[in-house]
Amino acid sequence: MNRILKVACIFEDGMNPYLFELDQRREIGDVVREICEHAHKSDHTSFAFKFVENDNYITSQNRGSLKDGSVLKLVKSPEGAAIELLEQLSDTTTPRTPEQLLPLYEELAKEAKDSHFSKIFVEKKGLVILQRYVIETIKQRGERAAVNLRVFGLALSAFFYLQMHDEVQKDNPWSAYKDQFFNAVMAFVAEAKGSSVVARAGLLLCSAWVEHTPPARGFNAVYYKIYKGLGAIPIRSDDLDTQEAAVKLINAVIGKATTALRPEVFAKLEKLDVKGALANRVHGQVSLTLAHELSVLQTHLLSEKAERAQYMFSQHDKDCVGKLATLKDGLAQFQDDVRAGASYNAALGYTDAGDKAKDFMAYPGVLALDNLAHFAVRSEELYKKMVLDQLSRDEAYICPFIQTGKRVTALLLEIFNVGDGGHQTPLPSANPVETNSSPPQFLPLFYAVEHPFEQLFGVSLELLFRTWREMEAKRTDMDKVINVVRRQLLAVISNPEKMPTDVQKFKAMVFANTYEDIKVQEALLSEESVNEQLKSDALVDIKSEKRDSMVEVVREQRLNFMCNGAWFHPIHANKGKVRTDQRFFAMLAPSFKELKWSDPEAITESNNSKPTLAELPRTIEVESIVWIEYGTEVPALKESKQKKAIDEYKRLAFAFNLGQEEWLNFVALDRETASKWMDGLRMLKEKRPLEPETRNDVDVLVDMEMNIVLMNLHGVTLPQTKPEVPPLPVDPEPSLSHSLHLGNGDDIDM
């Protein structure tokens, strides 16, 4: 971490910016004092720093966000700002016009978002002053007096932000406010047409009241009285902040609605066409706060699907019976296409043809039936093709349509993380590693199309059938296919910023990720996982030990290869020319102590047989070989004037000195022989192997050994560093007492 940062400070009075180095080890107060001295500010305790980008005060808790190039702003301290605002707001000696009050409430609404400022402002009875202003304004409205709605809206916004801080709520809980206060405020808000500031503040206050009070108070008042069953919520407002606050209130109402009331709430939302009202918003840039609210609303609406998944099929439910019939009716006109002896039941893959409802008596219940029936009606031709295609397959390779629909339905509920009450959990990622700093996620497609869950189901179902064919799967492979489809869907769904708002484009994106692509991704992830594990100190030591032993294995293999012998071309000593028309045979003795070779001879069809070790006339003791050259350093090649010969044979040639100026030159017939003999000679002379082929062989063997080690350590968390070894004792001798008490009154001296 860089402790010395190069930053800039700007000033509210227009003074030129000041560039300085900020030592992160210094107290913030000391830095403020230094900057105040530079700016000739007398009382440094009345000042503080703010981040320019978000206007938050810089404290010891958030100073870690500072980096090179950061711009700070010297402003009044939270204490100074709170006291100054309180003095001006509580001054009743001089009547002030709305134009004079406006900058005060603008400043208060802005500063109220800071917890430090809010704590001081509330401790000094600022909330009391604010409430008094709100009540007086409502009275003026009731007396038909003119009211500046912008100032009133800013006052309500400040009240909301002040009250939302945890430290403020400890002493001033929402439940402490009387219902009459909120009813009066909300009645005023409902009448204040045309003011987006007032509307937004009212929506925020209502959402907080619903969330932080028992349902009998906040929920009942907001749902039944103020917004009249949500019908009065301005969800179609052109003002983005107001629409965002409206979504927040809808989320609060759904969250507090009882199980019995939720169907009514969802029905009213459908009547309001909430998703249609938000469709245009999701096409452009969405703020993080709105993205969060859209994510929560999406999960609330999908939770209705999760509730449907718990509902079991009933023969008395006409809707269920009708949808079951739809699946069969969709295949009726294709009777001639069904193979002889096959039935609709076989085509659809029911578990029990005599009791078709049985397949929808367990999770995901009739939600799977809803999805299948919707698909059969909306994608009629594709439905028929997919079902009838299974009848052309061998029994073992059939992908049962009904069972597949149930598994895809359950998969989508799992991906969207609904049904478990966990709407705060972000969408799963295609990559197992999920960052904690990722923004709230929602799917633009969910708001841009009708019946988004059903349409996603249709695409996912078609994707599964295609993947089933690519994998050549059998019935017993269903879990494997589902896992691949999960990866294919998450590759798109877990990246909402790039997810299209068009179903066909979404289909194209998920279909672009084939089974072969998934296999490559899995291999890369597995390799990354192994490499990460291998960074552990414990495994580094093991790998080092394995490498030493594998080098010894490769050494033995190279020497055994030399013992089998090989043919080589000689090099003309004077001309440096490789005699490709001649060859000689060389072999290492099994004792590894002698090297024997034959005299060069012309290559003919009659001398193809390999000579035995005893038949080789020339011998040299391995110990007497003290000078070996490789490649371009071979003297005969070095002196050659044939550059082409050097380039062609430099990776095949080596030589060792026989004494004086005499060299035995070797030019291998192929690279494999050359590399094994070169490193074989090095290892015979106790030198490190240098050829890339040898290093590769060692790496392959070490990787195989480490994979075996990792298999044995599966599920075990390895420490990243070695445990500390305690120091040796000062006195290595054991300390014993001088006598041993036996318990019978006798002592034995030690």
Side-chain angles (χ1 to χ4, degrees), residues 54-55 98 101-114 118 127 130-131 133-135 137-138 141 147-165 168 174 177 181-213 218-219 221-223 225-228 230-255 269 272 274 277-278 280-282 284-297 440:
N54 56 22
D55 214 40
L101 289 174
L102 182 60
L104 298 180
Y105 281 104
E106 284 179 335
E107 182 71 14
L108 179 58
K110 181 178 71 173
E111 295 289 354
K113 297 176 183 179
D114 185 85
S118 297
L127 268 180
L130 197 56
Q131 278 183 263
Y133 170 78
V134 170
I135 292 171
T137 304
I138 292 173
R141 183 74 168 184
V147 172
N148 188 301
L149 293 179
R150 177 161 178 76
V151 175
F152 182 72
L154 289 169
L156 290 183
S157 298
F159 181 85
F160 169 77
Y161 289 122
L162 288 168
Q163 188 63 39
M164 285 303 291
H165 296 292
V168 174
W174 288 93
Y177 295 97
F181 171 74
F182 272 103
N183 287 334
V185 171
M186 293 307 110
F188 182 95
V189 170
E191 293 176 7
K193 305 293 184 182
S195 174
S196 59
V197 177
V198 174
R200 179 176 182 273
L203 290 164
L204 291 175
L205 280 171
C206 279
S207 63
W209 197 20
V210 171
E211 288 175 357
H212 298 286
T213 60
F219 176 86
V222 170
Y223 184 69
K225 298 178 182 178
I226 300 171
Y227 286 103
K228 299 176 178 60
L230 303 180
I233 288 184
I235 192 63
R236 295 186 178 276
S237 173
D238 293 329
D239 180 69
L240 177 60
D241 291 337
T242 301
Q243 193 175 46
E244 179 183 311
V247 177
K248 183 176 181 65
L249 176 57
I250 289 172
N251 286 329
V253 168
I254 298 174
L269 291 177
L272 275 173
V274 171
L278 297 169
N280 291 332
R281 293 293 185 198
V282 301
Q285 192 71 23
V286 176
S287 66
L288 283 179
T289 51
L290 179 56
H292 170 74
E293 296 303 333
L294 291 173
S295 174
V296 175
L297 178 58

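For clarity, every value in this text was computed on a predicted model and none was experimentally measured.
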Looking at [X] and [Y], what are the two nearest heavy atoms and their distance?
| X | Y | value |
| --- | --- | --- |
| A246 | L203 | N-CD1, 3.7 Å |
| A158 | A112 | O-CB, 3.8 Å |
| R236 | L272 | NH2-O, 3.7 Å |
| F152 | Y133 | N-OH, 4.0 Å |

How long is the gap from [atom1] on [X] to [atom2] on [Y], to the nearest 0.5 Å?
| X | Y | atom1 | atom2 | value |
| --- | --- | --- | --- | --- |
| D239 | E244 | CG | CD | 10.0 Å |
| H212 | S207 | NE2 | OG | 8.0 Å |
| L162 | E111 | CG | CD | 10.5 Å |
| L204 | Y161 | CG | OH | 5.5 Å |
| R200 | L249 | CZ | CG | 13.0 Å |
| N148 | L101 | CG | CG | 8.5 Å |

Note to self: Please evaluate residues V274 and L297 with respect to the criterion side-chain contact (heavy atoms from CB on, under 4.5 Å), reporting the C-alpha separation (whole Å), side-chain torsions for both, the decisive distance (0.1 Å), and the verdict.
What the structure shows: CA-CA 10 Å; V274 171; L297 178 58; 4.0 Å; yes
Next item on the list: Kindly say whether G153 contributes a backbone atom to a donor-acceptor pair with the side chain of S157 at under 3.5 angstrom?
Entry: yes
Margin query: Pair Q243, L278 - check side-chain contact (heavy atoms from CB on, under 4.5 Å), show working.
Written below: CA-CA 9 Å; Q243 193 175 46; L278 297 169; 3.8 Å; yes
Check whether any side-chain heavy atom of [X] sits under 4.5 Å from a side-chain heavy atom of [Y], and report yes or no.
| X | Y | value |
| --- | --- | --- |
| D238 | S196 | no |
| W174 | L205 | yes |
| I254 | L269 | yes |
| R150 | L102 | yes |

Margin query: Please identify which of these residues, V134, L108, L127, meets the side-chain contact (heavy atoms from CB on, under 4.5 Å) condition with F159.
Written below: L127
Check: Do Y223 and V210 pass the side-chain contact (heavy atoms from CB on, under 4.5 Å) test, and can you show the C-alpha distance, the side-chain angles, and the key distance before you say yes or no?
Finding: CA-CA 9 Å; Y223 184 69; V210 171; over 6 Å; no
Next item on the list: Please report the C-alpha distance between M164 and K113 in whole Å, then the side-chain angles of each, then the deciding distance to 0.1 Å, and finally whether the side-chain contact (heavy atoms from CB on, under 4.5 Å) criterion is met.
Entry: CA-CA 9 Å; M164 285 303 291; K113 297 176 183 179; over 6 Å; no
Note to self: Please determine whether the number of non-hydrogen atoms from other residues, nucleotides or ligands lying under 6.0 Å from atom CG of N54 exceeds 12.
What the structure shows: yes
